[in-house]
Visitor: 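Got a structure for you, written out below as structure tokens; questions coming shortly.
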Amino acid sequence: MLVEGQPFKTIWANADLGCIHIIDQTLLPHRFEIRQLNHLEEVVSAITQMQVRGAPLIGAAAAYGICLALDENPSNPSLVRAMERLGRTRPTAVNLQWALDRMRSAVWPVPEAGRAKAAYLEAGKICEEDVRTCRSIGQFGLDIIRKLHRRQPDRPVNILTHCNAGWLATIDWGTATSPIYHAQIEEIPVHVWVDETRPRNQGASLTCFELDQQHIPHTLVVDNAGGHLMQQGRVDMVITGTDRTARNGDVANKIGTYLKALAAKDNGIPFYVALPSSTIDWNCANGTEIPIEHRSTTEITHLSGIDSSGSLEQIRVSPLRSLAENPAFDITPAALVAGLITERGPVAPNETALSRMFPEFNPHA
Ligand code: MRU
């Protein structure tokens, strides 16, 4: 998608030089800076520090982490160590393990001399497939937006989203945002309510950044405003992403997603979740089995932003002795989800429907 009118992807590699490039998302929207990563540990740190984040992009970054590790040492122990290091960076997004397993299958049978090359090829394929997948999610999601627009053609379709499930969370297009970008191409008027998404403010800093760059009308709201807007009839649909979806259709996503789904249900507003099939964890029977990441409490006790002189600052907002707890994700039960929008089309959030749509993936079918 576009940044200052120029097309960008979130990650790219230079296999000849043995390095990858990422957009440092911790600096957005204030600064757009590209980072070059040359070593496995730099990728581990980029994922842990959330310079790259969002389930599909975490998977792609981990895949390139394997490439950098094999560039330096293509042995089996080096591969196993890299998988372990990367596998421990973030617990909830299942795309991470999915990408690592895929990289292992691609490089394990290859003699050491050819491993790094095979790894770059596979990581490149993961990225290309992600672009195709997100485009396809967008086309299926567009059908839903089109229907809503036909119902009320004189006003924009109002879509509420939480966190950033945009192109910055994937390689391009995004998951939740892809239908919105496709609606724009079709000239369907849309307006997006963007939850700020405390504590890290991915909505305010990332979703607003990319919608602004793409000239999509949008309004930033505090996380608690969604229910009120729904009661006032100012939301037509909700679309979020997901970090891991259990095979019964329960959805893990950024903390606060569950409350939006409850409010949507209470107001008869459809709550959709957009996801690539790589986000479905067929080994998780339901949401209770999904590990929830707990992050540093300073994300809650402090706010970060840019001051009037342009420097990035952190300020404390709570008393020193107050305890804080920071679960980063929650589970939205399948019963609250109107539909999962996948690369093969919309599907009901239950095991039977998911298995029918992806018969080759469910080992429990
Ligand atoms: O903690 P983050 O920023 O990695 O969380 C991201 C989300 O919760 C996204 O909604 C999810 O990964 C889907 S991204 C297409």
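Nothing here was measured: the structure is a model prediction, and the numbers come from that model. We number each residue from 1, following the sequence as shown. Order of listing sets the numbers, starting from 1, for every ligand and every atom in it. Computed over heavy atoms, backbone and side chain alike; hydrogens, waters and symmetry mates excluded.
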Visitor: Would you mind checking if Glu360 and Arg344 are paired as a salt bridge, meaning a charged N to carboxylate O distance below 4.0 Å?
Guide: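 So Arg344 pairs with Glu360 through a salt bridge.
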Visitor: Count I, L, V, M, F, W, Y as connected when their side-chain heavy atoms are under 4.5 Å apart, and connections chain through other members. Are Phe271 and Met237 then in the same cluster?
Guide: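 In one cluster: no.
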Visitor: List the closest protein heavy-atom neighbour of atom 15 (C) of ligand 1: residue, atom name, distance to the nearest 0.1 Å.
Guide: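 Atom 15 (C) of ligand 1 sits closest to the protein heavy atom Thr175 OG1, 3.1 Å.
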Visitor: What about Lys254: any of its N or O atoms under 3.5 Å from an N or O on ligand 1?
Guide: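 N/O-N/O distance below 3.5 Å exists for this pair.
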Visitor: With heavy atoms under 4.0 Å as the rule, classify the contact between Ala55 and ligand 1 as side chain, backbone, both or neither.
Guide: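 It is both backbone and side chain that touch ligand 1.
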Visitor: Backbone or side chain, does any N or O of Asn253 fall under 3.5 Å from an N or O of ligand 1?
Guide: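 N/O-N/O distance under 3.5 Å: yes.
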Visitor: Could you tell me which atoms of ligand 1, counted from 1 in the order shown, lie closer than 4.0 angstrom to a heavy atom of Gln202?
Guide: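 Those of ligand 1 that fall under 4.0 Å from Gln202 are 1 (O), 2 (P), 3 (O).
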Visitor: Which atoms of ligand 1 sit under 4.0 Å from any heavy atom of Pro56?
Guide: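 Numbered from 1, ligand 1 contributes 14 (S), 15 (C).
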Visitor: Does this structure show an ion pair linking Asp143 with Arg146, if we count only N-O contacts that are shorter than 4.0 Å?
Guide: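 Yes, this pair counts.
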Visitor: I'd like to know if Glu72 pairs up with Arg81 as an ion pair, taking the criterion as any Lys NZ or Arg NE/NH1/NH2 lying under 4.0 Å from an Asp or Glu carboxylate oxygen.
Guide: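 Between Arg81 and Glu72 there is no salt bridge, as every charged N stays at least 4.0 Å from the carboxylate O atoms.
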Visitor: What part of His162, side chain, backbone, both or neither, has a heavy atom within less than 4.0 angstrom of ligand 1?
Guide: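 Answer for His162: neither.
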Visitor: Got a salt bridge between Asp195 and Lys260, using NZ or NE/NH1/NH2 to carboxylate O under 4.0 Å?
Guide: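 Between Lys260 and Asp195 there is a salt bridge, with a charged N closer than 4.0 Å to a carboxylate O.
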Visitor: Hey, looking at atom 13 (C) of ligand 1, which of Thr242, Thr240, Thr177 has the closest heavy atom?
Guide: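 Looking at heavy atoms only, the winner is Thr242.
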Visitor: For the residue pair Asn95 and Thr279, confirm or rule out a side-chain donor-acceptor distance under 3.5 Å.
Guide: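 Yes, Thr279 and Asn95 have a side-chain donor paired with an acceptor closer than 3.5 Å.
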Visitor: Answer with yes or no whether Thr257 contacts ligand 1, where contact means a heavy atom under 4.0 Å from a ligand atom.
Guide: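 No; Thr257 lies far enough from ligand 1 that no heavy-atom distance drops under 4.0 Å.
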Visitor: Show which side-chain atoms of residues 110-123 pair as donor or acceptor with protein atoms under 3.5 Å away, not counting sequence neighbours.
Guide:
unit_1	atom_1	unit_2	atom_2	d
Arg115	NE	Val107	O	3.2
Arg115	NE	Val110	O	3.0
Arg115	NH1	Pro74	O	2.9
Arg115	NH1	Asn76	OD1	2.7
Arg115	NH2	Asn76	OD1	2.7
Arg115	NH2	Trp108	O	3.0
Tyr120	OH	Asp71	OD2	2.6
Glu122	OE2	Arg102	NE	2.7
Glu122	OE2	Arg102	NH2	3.3

Visitor: Listing request: all salt bridge (charged side-chain N to carboxylate O under 4.0 Å, His left out) pairs with a residue in residues 206-224, at least two apart in sequence or in separate chains.
Guide: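 The answer is none; no pair qualifies.
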Visitor: Identify the closest protein heavy atom to atom 7 (C) of ligand 1: which residue and atom is it, and at what distance?
Guide: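 Answer for atom 7 (C) of ligand 1: Asp243 OD1, 3.3 Å.
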Visitor: Check each atom of ligand 1 against the heavy atoms of Asn164 and keep those under 4.0 Å away; list them by number with element.
Guide: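 With Asn164 as reference, the close atoms of ligand 1 come out as 9 (C), 10 (O).
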Visitor: Looking only at distances, please establish whether an N/O atom of ligand 1 is found under 3.5 Å from an N/O atom of Arg90.
Guide: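 Yes: some nitrogen or oxygen of Arg90 is under 3.5 Å from one in ligand 1.
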Visitor: Parallel, tilted or perpendicular: which one describes the rings of Trp193 and His191, with boundaries at 30° and 60°?
Guide: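 If you compare the ring of Trp193 with that of His191, the planes turn out perpendicular.
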Visitor: With a 4.0 Å cut-off on heavy atoms, does Ala93 reach ligand 1?
Guide: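 The answer is no, since Ala93 has no heavy atom less than 4.0 Å from ligand 1.
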Visitor: Do the side-chain N and O atoms of Thr207 and Asn164 include a donor-acceptor pair separated by under 3.5 angstrom?
Guide: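 Their side chains do contain a donor-acceptor pair, which is all the 3.5 Å distance test asks for.
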Visitor: What are the atoms of ligand 1, with element, lying closer than 4.0 Å to any heavy atom of Met50?
Guide: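 Those qualifying, in numeric order: 1 (O), 2 (P), 3 (O).
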Visitor: Does only the side chain of Thr279 get under 4.0 Å from ligand 1, or the backbone, or both, or neither? Count heavy atoms.
Guide: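 No part of Thr279 comes within reach of ligand 1.
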Visitor: Ligand 1 and Ala169, any nitrogen or oxygen pair closer than 3.5 angstrom?
Guide: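 N/O-N/O distance below 3.5 Å does not exist for this pair.
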Visitor: Can you confirm whether more than 12 heavy atoms, excluding those of Glu4, are under 6.0 Å from its CD atom?
Guide: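 Check fails, neighbour count at 12 or below.
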Visitor: Tell me which part of Ala328 gets within contact of ligand 1: side chain, backbone, both or neither, using heavy atoms under 4.0 Å.
Guide: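 It is neither part, as no heavy atom is under 4.0 Å.
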